[in-house]
Amino acid sequence: MYNKLQYISQGETIEKQLYNIHLALDAGCDWVQMRFKNQTAKDTFALAEAVKFLCEEYLANFIVNDNLYLAQQVAADGVHLGLSDMKIAEARAILGSTKIIGGTANTYEDIVNHVRNSCDYIGLGPFRFTETKEKLSPILGLSGYYDIVEKMKNNKIQIPIYAIGGITLKDISPLMETGIHGIAVSGMITISDQKEKLIQQLNEKLYANVIV
Ligand SMILES: Cc1ncc(COP(=O)(O)OP(=O)(O)O)c(N)n1
Ligand SMILES: Cc1ncsc1CCOP(=O)(O)O
Ligand SMILES: [Mg+2]
């Protein structure tokens with residue numbers, strides 16, 4: 001089972017990215033998506049190598065946003081691909097079955113498509129407006145998650161769904177009640193000055209109904 005909390009990195013420079021990722025790992029995050037937009041190939045590669053090293057040290061999962069070839073080069077655990085990135089089927093053909101491939105969805109149809117193409121998990125959103133990403137797809141709100149998860153159940157579509165977009169602590173319980181698997185967050189963890197406490201609170205809510 002995939003962990004229920006994915007941290008999406010932030011930072012305009014290699015140093016800021018590494019600082020944020022290091023703090024998130026120290027505070028207990030065990031799944032990092034490296035998201036470093038509009039940078040040179042050289043810097044992106046340098047960061048990816050450093051993040052790979054850090055995640056190995058912390059026994060955390062490491063996936064790369066957008067760039068499958070970079071994920072391959074640094075032997076990351078996988079890649080997250082959006083609706084305008086490389087198609088999931090092509091990515092699966094290149095990466096094989098051992099790597100994690102996540103796909104973005106905004107609708108039930110996106111999810112069905114991704115499942116057909118052997119996607120491993122879905123980042124479904126945005127939940128609400130967020131400044132972390134430009135050009136957002138239509139906002140789903142809580143009702144959007146209820147509707148989509150209901151359709152999945154009715155059609156026996158199974159894949160872990162991660163809510164994403166402007167999520168705060170108080171959103172976790174209502175979101176989990178929709179039947180999703182977990183959450184992917186960037187801002188909430190990056191800006192927190194009490195990350196360890198926050199991650200503990202997030203995990204308590206995310207795993208509240210998991211029987212061990
Ligand atoms: C877990 C997760 N879900 C969705 C996204 C968004 O991906 P995408 O639509 O490709 O947007 P960018 O992140 O590339 O700006 C994601 N990154 N992670
Ligand atoms: C990458 C992405 N895709 C949809 S919303 C989003 C940003 C999530 O970041 P935050 O948790 O700061 O809103
Ligand atoms: Mg993308």
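Because only heavy atoms are used, hydrogens play no part in the values below, and waters and symmetry mates are left out as well, while side chains stay in. Counting starts at 1 for both ligands and their atoms, in listed order.
- Residue-ligand proximity, Thr130 to ligand 2, at heavy-atom distances under 4.0 Å covers atoms 5 (S), 10 (P), 12 (O), 13 (O).
- Counting heavy atoms closer than 4.0 Å to ligand 2, residue Glu131 contributes nothing at all.
- Residue-environment remark: NZ (Lys37) exceeds the threshold of 12 foreign heavy atoms within 6.0 Å.
- Lys133 CD, 3.2 Å is the protein heavy atom nearest to atom 3 (N) of ligand 2.
- In the vicinity of Val185, heavy-atom distances shorter than 4.0 Å reach the ligand 2 atoms 11 (O).
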### Task
Test Leu47 against Met34 for side chain to side chain contact (heavy atoms under 4.5 Å, CB included), laying out the working first.
CA-CA 9 Å; Leu47 176 64; Met34 185 194 106; 3.7 Å; yes
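- At the shortest separation from atom 1 (C) of ligand 2 among protein heavy atoms lies Arg35 NE, 3.7 Å.
- Of the N and O atoms on the side chains of Tyr2 and Asn61, not one donor lies less than 3.5 Å from an acceptor on the other residue.
- With Trp31 as the partner, the ring-ring contact (aromatic ring centres under 6.0 Å, His included) test is satisfied by one option alone out of Tyr7, Tyr162, Phe62: Tyr162.
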#### Entry: Chi angles and distances behind the side chain to side chain contact (heavy atoms under 4.5 Å, CB included) call for Val115, Val112
CA-CA 5 Å; Val115 170; Val112 173; 5.9 Å; no
Exercise answer, ligand 1 polar atom pairs (N/O) under 3.5 angstrom:
| residue | atom | partner | partner atom | Å |
| --- | --- | --- | --- | --- |
| ligand 1 | 3 (N) | His80 | NE2 | 3.3 |
| ligand 1 | 7 (O) | Thr104 | OG1 | 2.9 |
| ligand 1 | 9 (O) | Thr104 | OG1 | 3.4 |
| ligand 1 | 10 (O) | Gly82 | N | 3.3 |
| ligand 1 | 10 (O) | Asp85 | OD2 | 3.0 |
| ligand 1 | 11 (O) | Lys133 | NZ | 3.1 |
| ligand 1 | 13 (O) | Arg35 | NE | 2.8 |
| ligand 1 | 13 (O) | Asn65 | ND2 | 3.2 |
| ligand 1 | 14 (O) | Lys37 | NZ | 2.6 |
| ligand 1 | 14 (O) | Asn65 | OD1 | 3.4 |
| ligand 1 | 14 (O) | Asn65 | ND2 | 3.3 |
| ligand 1 | 14 (O) | Asp66 | OD1 | 2.9 |
| ligand 1 | 15 (O) | Arg35 | NE | 3.4 |
| ligand 1 | 15 (O) | Arg35 | NH2 | 2.8 |
| ligand 1 | 15 (O) | Lys37 | NZ | 3.2 |
| ligand 1 | 15 (O) | Lys133 | NZ | 3.2 |
| ligand 1 | 17 (N) | Gln33 | OE1 | 3.0 |
| ligand 1 | 17 (N) | Asn65 | ND2 | 3.2 |
| ligand 1 | 18 (N) | Gln33 | NE2 | 3.0 |
| ligand 1 | 18 (N) | His80 | NE2 | 3.4 |

### Task
Verify side chain to side chain contact (heavy atoms under 4.5 Å, CB included) between Val79 and Asn67, making sure each step is shown before the conclusion.
CA-CA 7 Å; Val79 66; Asn67 192 335; 5.9 Å; no
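- Using a 4.0 Å heavy-atom cutoff, Gly166 is listed among the residues neighbouring ligand 2.
- With a 6.0 Å radius and a threshold of 12 heavy atoms from other residues, nucleotides or ligands, Gln200 has its CD atom at or below the threshold.
- Remark: Gln73 CD is packed, more than 12 non-hydrogen atoms of other residues, nucleotides or ligands lying under 6.0 Å away.
- Near Gly187, meaning under 4.0 Å from one of its heavy atoms, ligand 2 places the atoms 10 (P), 11 (O), 12 (O).
- Distance alone, capped at 3.5 Å, is enough to place a donor-acceptor pair between the Asp120 side chain and the Ile101 backbone.
- Nearest protein heavy-atom contact of atom 10 (P) of ligand 2 is Thr132 OG1, 3.4 Å.
- Side-chain contact annotation: Thr44 with Gln39, donor-acceptor N/O pair under 3.5 Å absent.
- Within the 3.5 Å criterion, the main-chain N or O of Gly166 finds a donor-acceptor partner in the side chain of Arg128.
- Of all protein heavy atoms, the one closest to atom 5 (S) of ligand 2 is Gly165 CA, 3.6 Å.
- Other residues, nucleotides and ligands place more than 12 heavy atoms under 6.0 Å from the CG atom of Asn154.
- The backbone N or O of Lys16 lies less than 3.5 Å from no partner atom in the side chain of Gln10, so there is not a single donor-acceptor pair.
- For the Mg ion (ligand 3), protein N/O/S neighbours under 2.8 Å (waters excluded) are Asp66 OD1, Asp85 OD2.
- Distance from atom 11 (O) of ligand 2 to its nearest protein heavy atom, with residue and atom name: Ser186 N, 2.9 Å.
- Considering only non-hydrogen protein atoms, atom 8 (C) of ligand 2 sits nearest to Ile164 CG1, 3.8 Å.
- Residue Ala184 places no N or O, backbone or side chain, under 3.5 Å from any N or O of ligand 2.
- A donor-acceptor contact shorter than 3.5 Å is absent between the side chain of Asp77 and the backbone of Ile100.
- Using a distance-only test at 3.5 Å, with no hydrogens or angles considered, a donor-acceptor pair links the side chain of His114 to the main chain of Thr104.
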